[in-house]
Amino acid sequence: MNRPSEDELIATYFAPLAGPGTFGLRDDAAIVAQKPGQDIVATTDMLIAGVHFFTDDPPGAVARKALRVNLSDLAAKGAEPCGFLLGLALPEDWTAHWLAGFAQGLGEDAAAYKCPLLGGDTVKSSGSLIVSITAFGSVPAQKMVLRAGVAAGDRIYVTGTIGDAALGLQLRIGEAEDTKWRKCLSQADAAYLAGRYLLLRPRIGLREALRAHAHAAIDISDGFAGDLAKMLRLTGMTAEVMTLDVPLSDAARKILHDAPSLLETILTGGDDYEILCAVPLSQGAAFEADAAAAGIVVHPVATAMPGNVPPVFTDEEGRNLVFARLSFQHF
């Protein structure tokens, strides 16, 4: 198998993606200029084949997902992307063709989100493919939106729709092939759900609205119910969520009509990468208007109230729902 050396790999596939201050990736470090009056926000996520993506996913999609999960974190902090570091552990069977597709997808997203490559490391893995990205963003000094900060009476908002990625995963792994709900979906609906799992949409455009109005925010990576609980408990808050108020796509609603038991999957399944945030009631209208101006739909789903218990979910008949777990857990 004809493959480039490590130096050739970096020069061929990743040096063209490098941003200012990187010296063409020919040095061991890069210079990141800090803007006056700005704080640097850092976040990192690691993706492992067979855990966070499928081994036969297109390499460009793997690269985009690896970058976008970090951009989603930056979005929830109200931060502007400014660059990232890449750690890549390649398995024994990697090919130059795969790497070219990976670099192309990564470069296209880096350009689209104005988040250039600053450096990183490549190593050989004795097991699975591992992609680790550390992203940097900037916010006006002392203006980063924290997870902690929810106050009593705050309205809890969520962007987009919930549960599509979890349902898309069920389709992808084939668990639904012979079920009634799988057969109720059109090809377009199935493709939509599969796409929501494969490639998330970081809500970068919401950053200014969050900085202006939100007391707290978190991106939904592990599950709507669990991530809501994480944000609320940091300040001793809870909430009651009517499931009818949780925004769902048309495809998800069709599935729930035929398979109501999948409501738990929708609310706890993860990979939504939407943003949950808490906004004072007095600023709700302004927040909604600013979000709409940024092209992002937000939905109020609950009101925060004091309480040291997880949020309560009720169905359309007012019955409390009990879930096996609130969100995905690695351990």
Nearest atoms (heavy-atom pairs only) where G160 meets H299: O-CD2, 3.4 Å
Non-hydrogen side-chain atoms of L171 and L185 separated by less than 4.5 Å: yes
Close side-chain approach of S132 and T44, heavy atoms under 4.5 Å: yes
Interatomic distance, L167 atom CG to D189 atom CG [nearest 0.5 angstrom]: 11.0 Å
Between CG on residue L117 and CZ on residue F14, distance to nearest 0.5 Å: 7.5 Å
N/O donor-acceptor pair under 3.5 Å between T268 side chain and G223 backbone: no
Test item: side-chain donor near acceptor, T159 and E274, under 3.5 Å: yes
Pairwise side-chain contact, L206 with Y157, heavy-atom cut-off 4.5 Å (strictly under): no
Validation row: L106, F84 side chains within 4.5 angstrom (heavy atoms): yes
Over all atoms of both residues, closest heavy-atom pair of E264 and V322: OE1-O, 4.3 Å
Closest contact, heavy atoms only, I220 versus I162: CD1-CD1, 3.7 Å
Sidechain N-carboxylate O distance under 4.0 Å for R253, D250: no
From CA spacing to verdict: side-chain contact (heavy atoms from CB on, under 4.5 Å), F54, L198: CA-CA 9 Å; F54 290 86; L198 182 65; over 6 Å; no
Worked verdict on R196 versus R201 for side-chain contact (heavy atoms from CB on, under 4.5 Å): CA-CA 8 Å; R196 284 296 305 271; R201 306 168 183 173; 3.7 Å; yes
Lys/Arg cation over aromatic Y197: R172, 6.0 Å, 45° cone: no
Sub-4.5 Å side-chain heavy-atom contact between R155 and L281: yes
Under 3.5 Å donor-acceptor, R211 side chain and K143 backbone: no
Spacing of T238 atom OG1 and L228 atom CG [to the nearest 0.5 Å]: 8.0 Å
More than 12 heavy atoms from other groups under 6.0 Å of CG on N320: yes
Rounded distance [0.5 Å steps], CD in E317 versus OG1 in T243: 10.0 Å
Cluster overlap F287 with V145, hydrophobic side-chain contacts below 4.5 Å: yes
Residues L129, L88; criterion side-chain contact (heavy atoms from CB on, under 4.5 Å); working and verdict: CA-CA 8 Å; L129 168 70; L88 189 60; 4.1 Å; yes
Test item: D227 side-chain N/O and D222 main-chain N/O as donor-acceptor pair under 3.5 Å: yes
Atom of P4, atom of A96 and distance for their closest heavy-atom approach: CD-CB, 4.2 Å
M144 CE to L74 CG distance, which is reported to the nearest 0.5 Å: 10.0 Å
Cluster overlap V297 with F224, hydrophobic side-chain contacts below 4.5 Å: no
Residues, nucleotides or ligands: over 12 heavy atoms within 6.0 Å of M305 CE: yes
Sidechain-backbone polar pair: D39 side chain, Q142 backbone, donor-acceptor under 3.5 Å: yes
Heavy-atom side-chain proximity of V298 to V158 below 4.5 angstrom: no
Donor-acceptor contact present, side-chain D245 to main-chain P300, <3.5 Å: no
Ion pair check, R64 and E108, cut-off under 4.0 Å: yes
Minimum side-chain heavy-atom gap L86-V131 below 4.5 Å: yes
Over all atoms of both residues, closest heavy-atom pair of A148 and T235: C-CG2, 4.3 Å
N70 side chain to D45 backbone, donor-acceptor under 3.5 Å: yes
Hphob cluster co-occupancy, L47 + W98, side-chain heavy atoms under 4.5 angstrom: yes
Test log, rule side-chain contact (heavy atoms from CB on, under 4.5 Å), inputs R68 and L199: CA-CA 8 Å; R68 291 186 187 194; L199 203 58; 3.5 Å; yes
Beyond-backbone contact of P247 with V301, side-chain heavy atoms, under 4.5 angstrom: yes
R3 versus W94, closest heavy-atom pair with distance: NH1-O, 2.7 Å
ILVMFWY network linking I266 to F323, side-chain heavy atoms under 4.5 angstrom: yes
Same cluster (ILVMFWY, side-chain, under 4.5 Å), I275 and L71: no
Salt-bridge criterion met for K65 and D57 (N-O under 4.0 Å): no
From L210 atom CG to R203 atom CZ, the distance as rounded to the nearest 0.5 Å: 12.0 Å
